[in-house]
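Here the structure comes first, spelled out in structure tokens, and everything after it is commentary.
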Amino acid sequence: MPERIRLRILHTNDIHSHFEQLPRIAAIIASLRQEAGAEHTLSLDIGDHIDRMRPETEGTGGLANIALLNAIGYDAVTLGNNEGLTCTPEVLNELYGKHARSKVVIANLRDAETGSLPLWASPYAIFNKSGIQIGVIGVTARFTDFYRLLGWNVSDPFEAVASLAAELRPKVDVLIVMSHLGLSNDERMAAEIPGIDLILGGHTHHLLEEPIRSGRTLICAAGKFGQYVGVVDLELDAVSKRLLHAEGGVKAAAESEEEESIRLQIQQYAVKAKASLDREVARIDCDLDVDWYGESRLGNLLAAGLRDWVGAEIGLVNAGQLLGGLPQGPVSAGMLLELCPSPINPCRMKLSGAQLLTALEESLLPEFMNKPLYGFGFRGKVLGTLCVDGITIEYDPEAAPYSRILSVHVGTEALELERLYTVGTIDMFTFRIGYLSIAEGLEPEFFMPEFLRDVLLKELHNARAMKDSSRKRWVRMNGQAAPH
């Protein structure tokens with residue numbers, strides 16, 4: 001009998017539907033599994049495998065992601081915020097209840113009405129590999145307000161892990177947490193909750209080429225977008241089952257060959273997705289342009305749609321949400337996805353006239369218009385200027401910064417700096433990125449599960465809004481053109 005038993009834990013996180021990486025990921029996992037032996041290997045995904053900006057995902061309702069998780073052979077997965085917040089409970093029931101073959105492990109997501117976990121999920125799982133009992137706990141980031149709107153209660157992940165770790169530790173030889181919480185929370189968990197051997201992380205897209213060691217706990221993560229596969233090798237005493245040694249690292253996907261069967265499967269799903277996304281969803285009788293640095297018909301239409309969608313006095317959205325315009329003629333679902341890929345939701349809040357004025361002044365400054373944004377649901381390139389509805393702005397582009405706006409009217413009334421206005425905008429601003437004065441809004445209300453492309457689609461069928469989109473909201477004095 002060998003003195004030691006070796007285990008190998010393979011992990012990925014935050015792939016975000018980067019299907020082009022999956023043939024290499026599959027080849028790496030298959031090779032490493034074969035090298036260690038399937039009976040010694042556990043494969044885990046730590047969430048945000050799904051991203052609805054990708055046509056393969058959007059056009060198949062996420063089925064492409066689940067099929068590839070199945071084909072690669074993951075033993076267990078947990079959910080990230082992209083699964084939990086961009087898919088309705090009905091879609092999750094379909095994907096994970098009917099199609100997923102991996103165990104779905106998530107301890108802090110429960111039905112808000114019943115208090116129960118979804119039928120397709122478990123708070124933990126125990127795997128037996130070569131006589132070693134491996135306990136796996138899954139937790140996801142706590143976006144409480146957003147989850148509540150979708151009918152979920154997402155509870156404190158630290159309380160969930162602490163309780164389950166205490167329960168499982170006497171029953172298992174190795175205890176793993178699949179944590180879609182971010183690196184700082186993983187470090188806190190390692191410091192505060194005893195008994196965890198391994199934390200496999202995600203959410204903040206951190207790459208740990210060398211694990212962080214915190215007491216007995218190893219913290220690992222494999223970056224983002226399928227660029228790496230995480231590998232952790234464990235050695236345990238064959239008799240006592242005590243963990244003797246643990247080391248981890250990552251394998252670069254770019255250095256691997258592709259698994260041909262996975263590549264072909266992706267191609268097949270891409271064909272199915274294209275067929276779905278090619279369907280006509282609207283038909284327009286004029287071109288709708290977009291401009292990241294100035295007023296445009298499509299930008300006006302989106303701002304008007306947000307205002308109408310949430311029932312506000314003013315509509316406000318950054319032009320960078322729109323990655324292209326629409327030509328006259330038929331509009332397909334795929335065209336809307338291409339020009340508005342961000343999984344961002346409408347939001348209503350209250351802003352003072354002074355806060356609005358600050359945001360409008362900032363939207364005339366290159367440092368704001370050209371500001372690149374990363375994460376927070378944004379799938380564009382730059383922030384862009386502000387597209388508006390319900391207000392008219394007179395401005396002088398030659399004046400000093402923060403003194404360029406000469407007048408603002410809400411409807412026919414002059415803007416009052418002390419008054420609170422209801423504003424239809426986007427949830428992204430509440431995360432304190434972009435135009436920060438908008439993030440200071442009061443009483444934010446979020447509208448889910450629809451995205452901006454759903455708002456835009458509704459407006460494309462609104463003849464009045466289509467006609468009104470050509471009306472200037474930004475008026476440059478002395479008869480000059482709109483802001484650039």
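Every heavy atom of this structure was used, including side-chain atoms; hydrogens, water molecules and symmetry mates were not.
Lys272 forms a cation-pi arrangement with Tyr269, by the criterion of a distance under 6.0 Å to the ring centre and an angle within 45° of the ring axis. In this structure, Arg54 fails the cation-pi test against Phe19, since its NZ or CZ atom is not both closer than 6.0 Å to the six-membered ring centre and inside 45 degrees of the ring normal.
A side-chain N or O of Asn128 and one of Gln133 form a donor-acceptor pair less than 3.5 Å apart. For the residue pair His49 / Glu83, no side-chain donor-acceptor distance below 3.5 Å is found, with atom types taken as modelled.
Rounded to the nearest 0.5 Å, atoms CZ (Arg101) and CD1 (Ile66) are 11.0 Å apart. Between atom CG of residue Leu316 and atom CD1 of residue Ile426 there is a gap of 9.0 Å, rounded to the nearest 0.5 Å. Summarising the geometry, atom CD belonging to Gln321 is positioned 8.5 Å from atom CG belonging to Leu373; distances are rounded to the nearest 0.5 Å. Separating the CG atom in Asn153 from the OG1 atom in Thr144 is a distance of 8.0 Å, to the nearest 0.5 Å.
Remark: of the listed residues Leu200, Leu198, Leu234, Leu198 is the sole one forming a side-chain contact (heavy atoms from CB on, under 4.5 Å) with Leu218. A side-chain hydrogen bond (donor to acceptor under 3.5 Å, both in side chains) with Asn65 holds for exactly one of Asp51, Thr60, Asp45, Thr57; it is Thr57. For the side-chain hydrogen bond (donor to acceptor under 3.5 Å, both in side chains) with His180, the lone residue among Asn81, Thr204, Asn82, Thr140 that qualifies is Asn81.
Using a 30° and 60° split on the angle between ring planes, His203 and Phe143 fall in the perpendicular class, above 60°.
At a threshold of 4.5 Å between non-hydrogen side-chain atoms, the residues Glu235 and Ile5 do not count as touching.
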